[in-house]
2 protein chains.
Amino acid sequence: MVTVDAMALGKDYATQECSIARALEIIGERWTLLVIRDALYGVRRYNDFLVHLGIPRAVLAARLQALTAEGILEKRRYQQSPPRDEYVITERGIALWPALRSLGLWGRQHYTEIQLRYFRHADCGTELGPYGECPACATVVPVEDVLMEPGPGLDPDPADPVSRALLVPRRLLQPLELPVQPGRV
Amino acid sequence: MVTVDAMALGKDYATQECSIARALEIIGERWTLLVIRDALYGVRRYNDFLVHLGIPRAVLAARLQALTAEGILEKRRYQQSPPRDEYVITERGIALWPALRSLGLWGRQHYTEIQLRYFRHADCGTELGPYGECPACATVVPVEDVLMEPGPGLDPDPADPVSRALLVPRRLLQPLELPVQPGRV
DNA sequence: CATCACAGGTTCGGTCACTGAACCAAGGTT
DNA sequence: AACCTTGGTTCAGTGACCGAACCTGTGATG
């Protein structure tokens with residue numbers, strides 16, 4: 001049992017008067033930003049986060065609860081029987097897209113040889129600029145209009161079903177619908 | 001003694017094919033982004049990082065070494081006798097400015113009531129837009145032309161000398177020159 | 001009805017990173 | 001000689017993270 005207090009504290013940077021430090025208190029723990037990334041990609045279910053991230057179950061449960069408490073994810077019942085909840089990213093979480101985009105771009109430019117994913121403006125197909133803008137349309141592209149496509153650096157035949165589902169070009173935020181397991185009718 | 005191997009591994013997200021995950025393996029550990037933030041603010045010396053961050057000495061030493069190994073900071077001798085080194089941010093580290101800017105903006109909009117710092121285009125005084133651009137000049141402002149000013153939310157009389165020095169409006173990257181200790185001539 | 005599968009957790013022991021305090025060392029100053 | 005400054009290292013204690021096992025509620029299967 002984790003108390004609300006222990007949750008609220010987390011790892012704080014008490015002496016820092018800085019909005020970066022405030023942000024890091026919320027999303028700076030291990031795995032947290034990857035959970036948010038997956039949520040932007042359309043992942044919503046506990047088990048999908050689990051297999052896609054390879055995160056320990058207890059840590060995932062703690063992160064989902066903390067992010068829900070912070071209003072970054074929203075827990076929502078999507079079926080009554082059996083009762084099942086999904087975690088949907090909120091406006092506050094979506095607002096982290098530019099930061100994730102910047103981080104990813106930095107990682108690619110400095111540490112990734114081959115392009116792993118393309119992010120395009122769904123309306124015109126143009127690849128996004130460094131700030132998430134469309135160079136052709138000269139506008140900031142809303143997150144739901146960002147089209148994610150696999151790049152040449154991505155494993156074309158990954159083991160887990162979530163990675164496979166993310167190989168199909170798709171818009172951000174679009175809920176991930178996993179194909180029904182083989183063996184079922 | 002920390003081996004180079006243990007350093008290189010750190011906490012990795014082995015299963016993730018993602019440039020965000022690659023980035024987080026480098027800069028995702030506790031304190032790391034705040035060290036880089038301070039380096040962008042012009043902090044260069046071990047002791048200045050120490051007092052400004054309130055970070056344990058061992059952790060600071062490990063972070064400085066890791067960031068130097070990653071080419072984000074550069075260790076440079078600034079005086080021969082006694083031998084003293086400073087840690088200067090490199091191009092690779094400066095390239096993290098947009099990501100830090102985005103994170104800070106998110107933190108301010110969602111968790112900070114009052115503005116703590118202003119970032120302006122030094123040439124014209126206009127406050128930067130969300131992507132580090134100058135709305136007036138319609139250009140992306142180079143980091144060295146960003147002017148940092150204290151906002152109303154900042155403690156006007158902080159205890160540590162580094163925070164005091166950062167209260168003066170100053171450009172990013174400009175080396176922090178601490179006033180000589182009182183009692184010296 | 002008993003059993004199994006599945007989603008979504010909780011529990012637990014071991015390990016590893018972070019923490020704060022103490023200690024150390026090279027050089028300079030008084 | 002004693003002390004100060006800078007930049008560390010060492011060490012014991014704590015807390016976060018880890019993987020594996022277990023649990024629970026519900027529906028499906030035989």
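Computed from a predicted model, the values in this text were never measured in an experiment. For the numbers below, each heavy atom of this structure counts, side chains included, while hydrogens, waters and symmetry mates do not. Chain identifiers are assigned alphabetically (A, B, ...) following the order of the sequence lines, protein sequences preceding nucleic acid strands; residue numbering begins at 1 within each chain.
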A.B. asks: Between B:Glu25 (CD) and C:dA17 (P), how many Å, whole number?
C.D. replies: 14 Å
A.B. asks: Find the distance between CZ (B:Phe119) and CG (B:Leu172) and round it off to the nearest 0.5 Å.
C.D. replies: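 B:Phe119 CZ to B:Leu172 CG: 6.0 Å, rounded to 0.5 Å.
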A.B. asks: Could you give the CG-to-P distance, from B:Asp85 to C:dA26, as a whole number of Å?
C.D. replies: 15 Å
A.B. asks: Does a side-chain N or O from B:Tyr87 land closer than 4.0 Å to OP1 or OP2 of D:dG8, or not?
C.D. replies: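 For D:dG8, OP1 or OP2 has a side-chain N or O of B:Tyr87 closer than 4.0 Å.
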A.B. asks: Does CD belonging to B:Glu91 count more than 12 external heavy atoms closer than 6.0 Å?
C.D. replies: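 Open: at most 12 neighbouring heavy atoms sit under 6.0 Å from CD of B:Glu91.
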A.B. asks: Give the rounded distance in Å between these two atoms: CG of A:Leu34 and C1' of D:dC17.
C.D. replies: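 Going from CG in A:Leu34 over to C1' in D:dC17 covers 15 Å.
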A.B. asks: CG/A:Asp12 to CD/A:Glu25 distance, rounded to the nearest 0.5 angstrom?
C.D. replies: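 Here the rounded value is 5.0 Å.
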A.B. asks: To the nearest Å, give me how far apart CG (A:Leu60) and P (C:dT10) are.
C.D. replies: 10 Å
A.B. asks: Using 0.5 Å steps for rounding, measure from the CZ atom of A:Arg63 to the CD1 atom of A:Ile27.
C.D. replies: 11.5 Å
A.B. asks: Would you mind telling me which residue lines up with the more 5' stretch of DNA chain D, A:Pro82 or A:Arg30, judged by nearest nucleotide?
C.D. replies: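 Its nucleotide being nearer the 5' end, the pick is A:Arg30.
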A.B. asks: Quickly work out the A:Tyr78 OH to C:dA7 C1' distance and round it to whole Å.
C.D. replies: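 Checked: the OH to C1' distance equals 7 Å.
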A.B. asks: Quick one: side chain to side chain donor-acceptor pair (under 3.5 Å) partners of A:Glu17, sequence neighbours excluded?
C.D. replies: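 With neighbours one apart ignored, the set is empty.
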A.B. asks: Return one dot-bracket line describing DNA chain C 5' to 3' (Watson-Crick or G-U wobble pairs, both distances under 3.5 Å; ( ) same strand, [ ] crossing, | another strand, . none).
C.D. replies: ||||||||||||||||||||||||||||||
A.B. asks: Does anything in residues 129-166 of chain A pair up under ring-ring contact (aromatic ring centres under 6.0 Å, His included), and if so which pairs, sequence neighbours excluded?
C.D. replies: A:Tyr131-B:Tyr131
A.B. asks: Within the pair B:Arg45 and D:dT5, is there a side-chain N or O less than 4.0 Å away from OP1 or OP2?
C.D. replies: no
A.B. asks: Output yes when at least one side-chain N/O atom of B:Arg84 is less than 4.0 Å from OP1 or OP2 of C:dG27, else no.
C.D. replies: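 For C:dG27, neither OP1 nor OP2 has a side-chain N or O of B:Arg84 closer than 4.0 Å.
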A.B. asks: Please collect all side chain to side chain donor-acceptor pair (under 3.5 Å) contacts where either partner lies in residues 137-147 of chain A, sequence neighbours excluded, each pair once.
C.D. replies: A:Asp145-A:Arg171
A.B. asks: Examine D:dG8: is either OP1 or OP2 under 4.0 Å from a nitrogen or oxygen in the side chain of B:Lys75? Give yes or no.
C.D. replies: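 Yes, because at least one side-chain N or O of B:Lys75 sits under 4.0 Å from OP1 or OP2 of D:dG8.
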A.B. asks: Rounded to the Å, how far apart are A:Gln80 CD and D:dT26 C1'?
C.D. replies: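 That distance rounds to 13 Å.
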A.B. asks: Within residues 47-58 of chain B, which residues have any heavy atom lying less than 4.0 Å from an atom of DNA chain D?
C.D. replies: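 Of all residues in residues 47-58 of chain B, the ones placing a heavy atom under 4.0 Å from DNA chain D are B:Asn47, B:Arg57, B:Ala58.
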A.B. asks: Using OP1 and OP2 only, check whether a side-chain N or O of B:Trp31 sits under 4.0 Å from C:dA17.
C.D. replies: no
A.B. asks: Looking just at side-chain N and O atoms, do B:Tyr78 and B:Arg45 make a donor-acceptor pair shorter than 3.5 Å?
C.D. replies: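 Yes.
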A.B. asks: How many whole angstroms separate atom CZ of A:Arg63 from atom P of C:dG9?
C.D. replies: 15 Å
A.B. asks: Which residue pairs pass the salt bridge (Lys or Arg N to Asp or Glu O under 4.0 Å) test when at least one of the two sits in residues 109-122 of chain B, sequence neighbours left out?
C.D. replies: B:Arg120-B:Glu149
A.B. asks: Once you round it to whole Å, what is the distance between P of D:dG25 and CZ of A:Arg77?
C.D. replies: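 Checked: the CZ to P distance equals 13 Å.
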